[in-house]
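Note that the numbering runs from 1 along the sequence shown for the chain.
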Amino acid sequence: MLKELLNQLTGQSNNTANEPKPAAEKKAAVAKNVVATETTGADQAQQGGETTRRTTRRTNSNRNSGETRRPSTRRTSNASGEGTKQSAPRRKNTNSANVAANAEGTAKPARTNNRTNNRTNSTRYNNRNEKNTGERANTNGRHTSHSNGDAHADHQHHSSKKDKLMIIPLGGLGEIGKNMTVFQYGDDIIVLDAGLAFPENDMPGVDIVIPDMSYLIENQDKVRAVVITHGHEDHIGSLAYLLKEINVPVYATNLVCGLIEGKLKENKVGGVKLNIVKAGDEIRVGSFKVGFIQTNHSIPDACAVYFETPVGTVVHTGDFKVDQTPVDGKLMDVHKFAELGNKGVLALMSDSTNVEKPGFTPSESTVGPALLRAVGEARGRVVLATFASNVSRLQQAVDAAVAFKRKVIVLGRSMVNVTEIAQERGYLNIPEGTLIDVDEMGRYRDDEIMILTTGSQGEPMAGLSRMATNNHRTIEITPNDTIIISATPIPGNEAAVGRTIDNLLRLGADVIYGRDRGIHVSGHGSQEDLKTMLNLVRPKFFIPVHGEYRMLKKHGELAVSMGIVKPNHVLVGDNGQIFEFTSRTGRKGGHVTAGKVFVDGLGVGDVGNIVIRDRQQLAQEGMVIVVMAMDRASGQIVAGPDIVSRGFVYVRDAEDLMNEAQKRIEQVIEKCEASQMKDWATIKSQVRDTLGKFLYEKTRRRPMILPIIQDV
């Protein structure tokens with residue numbers, strides 16, 4: 001009897017190693033209802049819905065076999081500066097320890113004993129590390145696994161007590177967009193989200209901006225999976241670029257997988273295993289148990305994610321708000337957040353986008369009546385611009401069109417793609433006969449037409465922007481049209497959106513925009529939503545995420561003002577910052593490489609800061625080209641110098657300036673010839689310096705000067 005009791009407590013029985021204890025049977029089954037799909041190649045179906053991974057290292061065909069991996073992980077892990085090892089408490093629930101630590105570090109035996117029979121898998125990891133005598137050390141001495149089977153397959157992955165949980169944001173801190181966070185314990189890495197950001201005004205020519213993934217590429221043999229919270233571009237936009245380098249399974253909800261499939265096809269990335277999960281599911285990935293929680297956002301199928309690790313539980317909210325009347329009827333699972341909070345949460349990472357806004361964010365369902373009023377008052381065509389991914393908004397727009405017997409035309413590549421995917425997967429209900437092609441528009445009166453289009457952010461090439469400048473191929477705006485911009489500008493896009501509205505008004509259209517008519521609400525929680533999350537989870541440590549630095553600071557102050565966390569338990573950092581955790585401590589450690597990678601056309605990363613700086617100079621100051629021909633043997637100039645100007649001055653109106661500039665160059669060349677100077681680099685430098693000083697004296701401008709010497 002005693003032996004059986006010890007086996008139950010320590011999990012030593014080989015027969016029951018994979019089976020939950022009776023007290024835990026009410027929890028969601030591991031990897032329950034996970035559906036695996038693959039973009040191309042052989043079908044890799046999961047058995048019993050259970051996703052497992054082997055501890056053997058994956059060989060990546062893209063990796064150079066001679067490449068030496070830098071030991072950055074080990075260095076940063078040891079950079080904590082803590083003088084003592086953090087040993088797991090004997091036969092004590094990790095979550096209970098977290099709750100006790102919240103209470104000023106004093107243990108409460110009664111609460112601990114009450115949870116002894118309610119142990120989680122994380123607790124069994126700690127106990128087995130102390131008691132299991134059948135373990136063998138991994139080659140690096142930091143990771144142990146059972147000798148009688150595959151550690152990932154039987155969910156008995158072990159790490160030494162020296163291992164700490166490291167959370168490393170590679171994007172999304174101090175900025176809006178390109179969200180990407182690394183969760184690492186021992187030799188296991190999970191990547192949460194892989195987003196993009198749109199270029200700012202000082203990035204001419206750049207199409208998109210993605211996170212610097214150097215750390216992941218250097219540690220690609222440790223990356224086990226990518227987990228996605230929802231399907232917005234700032235969370236999935238760089239996934240294809242990551243999967244080109246590291247082919248690992250991806251876990252996301254149904255709609256998100258559909259959107260990802262389209263992106264992978266567009267970028268010609270095949271062989272990726274997409275695993276469909278749903279809110280309430282839990283999966284085992286290496287040292288982590290990963291769970292998904294239903295939340296509300298401006299796109300369906302948004303989830304928060306929690307990570308149960310050997311040192312404690314971390315909750316990441318993703319983008320969220322508390323919506324009591326969501327359009328799809330799926331309420332945020334506050335009970336699960338509260339359940340995790342009651343067990344004890346080591347750290348909470350929470351969306352900070354709207355922390356500066358007081359109150360609650362209104363429900364998405366409030367937009368529906370506002371759209372009905374606007375469409376009902378419209379005399380002619382209705383053109384509605386919104387985010388293509390806001391499927392709930394699209395559904396309400398379609399409902400308004402159907403209510404007033406309007407046909408719907410969908411324009412814009414992203415809008416068409418999302419509409420098709422959402423229909424196929426059951427997230428968008430459009431009655432048969434409602435959608436028509438743009439070529440059929442002439443068969444109907446103006447008051448029978450609604451157009452759904454992109455361009456709510458003033459993007460120059462988007463549908464609404466083209467309509468506003470009369471450059472659209474099929475749509476010409478008339479004074480009888482009503483334009484509804486059902487979105488607010490992303491920071492940095494205000495000027496572009498303003499220009500689009502101005503141009504539409506000049507064409508005589510009636511433009512409805514902003515929140516004045518109630519035609520838009522945010523998908524991010526305001527202060528009261530954020531307070532609700534903090535009260536539900538009650539974490540020991542708090543990491544504000546998804547926001548500019550002032551937003552992160554404000555969110556941290558909000559948590560402290562509520563008495564939820566201590567001031568020194570709020571960890572505000574930048575991209576690349578390593579947050580290190582044991583079961584009792586949390587601190588900021590070192591840094592890893594993080595930054596911006598520019599995507600320009602087909603080039604990824606070939607446009608760097610120097611190129612951007614040159615483009616900025618060309619855009620602001622223009623350029624002057626000096627062309628001459630030289631006899632290399634004699635060092636004599638046989639033709640030129642001729643001056644060509646682009647973007648600097650209009651030559652015909654500045655003939656005196658250009659003539660004087662040419663004389664200055666000729667003087668420089670004469671000096672070079674007199675001193676028998678034949679080195680082209682030196683001659684070019686002399687010309688560039690002399691001409692630059694002259695033009696600055698005369699114009700106070702610094703154009704880019706390019707001397708060109710042709711050999712004859």
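In summary, the side chains of Thr582 and Thr585 do present a donor paired with an acceptor at a separation below 3.5 Å, with no hydrogens or angles considered. A donor-acceptor contact under 3.5 angstrom links the side chains of Thr229 and Asp193, judged on distance only.
The closest side-chain heavy-atom distance from Met349 to His546 is not below 4.5 Å. Looking only at side-chain heavy atoms (C-beta outward), Gln577 and Leu173 stay at 4.5 Å or farther from each other. Between Phe387 and Val418 the shortest side-chain heavy-atom distance does not fall below 4.5 Å. The shortest distance between side-chain heavy atoms of Val290 and Val305 falls below 4.5 Å. Annotation: side chain of Leu452 is not in contact with side chain of Thr419 (no heavy-atom distance under 4.5 Å). Looking at heavy atoms from C-beta onward, Arg538 lies out of side-chain contact with Val345 at the 4.5 angstrom threshold. A 4.5 Å side-chain heavy-atom check between Leu394 and Asn390 finds every atom pair outside the cut-off. With a 4.5 Å cut-off on side-chain heavy atoms, His235 and Asp319 count as touching.
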Working note: Ile299 + Leu259, criterion side-chain contact (heavy atoms from CB on, under 4.5 Å); need CA distance, chi angles, decisive distance, verdict.
CA-CA 12 Å; Ile299 185 173; Leu259 298 173; 4.1 Å; yes
Run the side-chain contact (heavy atoms from CB on, under 4.5 Å) check on Val314 and Phe541 step by step: do they pass?
CA-CA 9 Å; Val314 176; Phe541 295 94; over 6 Å; no
Going through the distances and angles, do Ser365 and Thr325 end up as a side-chain hydrogen bond (donor to acceptor under 3.5 Å, both in side chains)?
CA-CA 6 Å; Ser365 61; Thr325 55; 2.8 Å; yes
Are Phe292 and Ile283 close enough, and set up right, to give a side-chain contact (heavy atoms from CB on, under 4.5 Å), and what steps lead you there?
CA-CA 9 Å; Phe292 300 82; Ile283 59 174; 4.3 Å; yes
side-chain contact (heavy atoms from CB on, under 4.5 Å) between Leu170 and Met213, intermediate numbers included:
CA-CA 7 Å; Leu170 298 180; Met213 305 174 187; 5.5 Å; no
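Side chain of Ser352 to backbone of Val545: a donor-acceptor contact under 3.5 angstrom is found. With Thr593 contributing its side chain and Tyr215 its backbone, the two residues share no donor-acceptor pair below 3.5 Å. With Asp529 contributing its side chain and Val322 its backbone, the two residues share a donor-acceptor pair below 3.5 Å. At least one donor-acceptor pair closer than 3.5 Å links the side chain of Thr317 to the backbone N or O of Asp351. Checked by atom type and distance alone, the side chain of Ser392 never pairs as donor or acceptor with a backbone atom of Pro300 at under 3.5 Å. With hydrogens and angles disregarded, a donor-acceptor distance shorter than 3.5 Å links the side chain of Gln396 to the backbone of Glu364. Judged by distance alone, the side chain of Lys540 and the main-chain N or O of Arg584 form a donor-acceptor pair under 3.5 Å. Here the side chain of Ser238 pairs a donor or acceptor atom with the backbone of Ala194 at under 3.5 angstrom. Judged by distance alone, the side chain of Asp234 and the main-chain N or O of Ala197 form no donor-acceptor pair under 3.5 Å. No donor-acceptor distance shorter than 3.5 angstrom exists from the side chain of Lys178 to the backbone of Val209, with no hydrogens or angles considered.
Here the shortest heavy-atom pairing between Ile485 and Ile501 reads CD1-CG1, 3.7 Å. Residues Phe320 and Ser350 approach most closely at CE2-OG, 3.7 Å, considering heavy atoms. Closest non-hydrogen pair, Ala509 versus Ile477, comes out as CB-CG2, 3.8 Å. Of all non-hydrogen atoms in Val410 and Met415, the two that sit nearest each other are CG1-CG, 3.3 Å. Annotation for Thr361 and Ser522: closest pair CG2-O, 3.3 Å, computed over non-hydrogen atoms.
Ring centroid separation for the pair Phe307 and His316 does not come in under the 6.0 Å cut-off. In this structure, Phe183 has its ring center no closer than 6.0 Å to that of Phe288.
Not counting sequence neighbours, the partners of Glu528 by the side chain to side chain donor-acceptor pair (under 3.5 Å) test are Lys531.
Of the inter-residue distances, the one linking Glu494 atom CD with Gln457 atom CD reads 9.0 Å to the nearest 0.5 angstrom. A distance of 5.0 Å separates CZ in Arg425 from CG in Asn254, rounded to the nearest 0.5 Å. Taken from CZ in Phe579 to CZ in Arg587, the straight-line distance is 11.5 Å, to the nearest 0.5 Å. Between the OG1 atom of Thr313 and the OH atom of Tyr306 there is a distance of 8.5 Å, given to the nearest 0.5 Å. Atom CG of residue Asp510 and atom OG1 of residue Thr482 lie 5.0 Å apart, to the nearest 0.5 angstrom. We find the CD1-CG distance between Ile564 and Leu348 to be 10.0 Å, quoted to the nearest 0.5 Å.
Shown are His232, His297, Glu233; of these, the side-chain hydrogen bond (donor to acceptor under 3.5 Å, both in side chains) with Ser389 is made only by His232.
Asp502 has no carboxylate O lying under 4.0 Å from a charged side-chain N of Arg499, or vice versa, which leaves the two without a salt bridge. A salt bridge is defined here as a Lys NZ or Arg NE, NH1 or NH2 lying under 4.0 Å from an Asp or Glu carboxylate O, and Glu175 with Lys596 fails to meet this definition. With respect to the salt-bridge test (charged N to carboxylate O, under 4.0 angstrom), the residues Glu339 and Lys336 qualify. Salt bridge Lys343/Glu308: absent, no basic N to carboxylate O contact under 4.0 Å.
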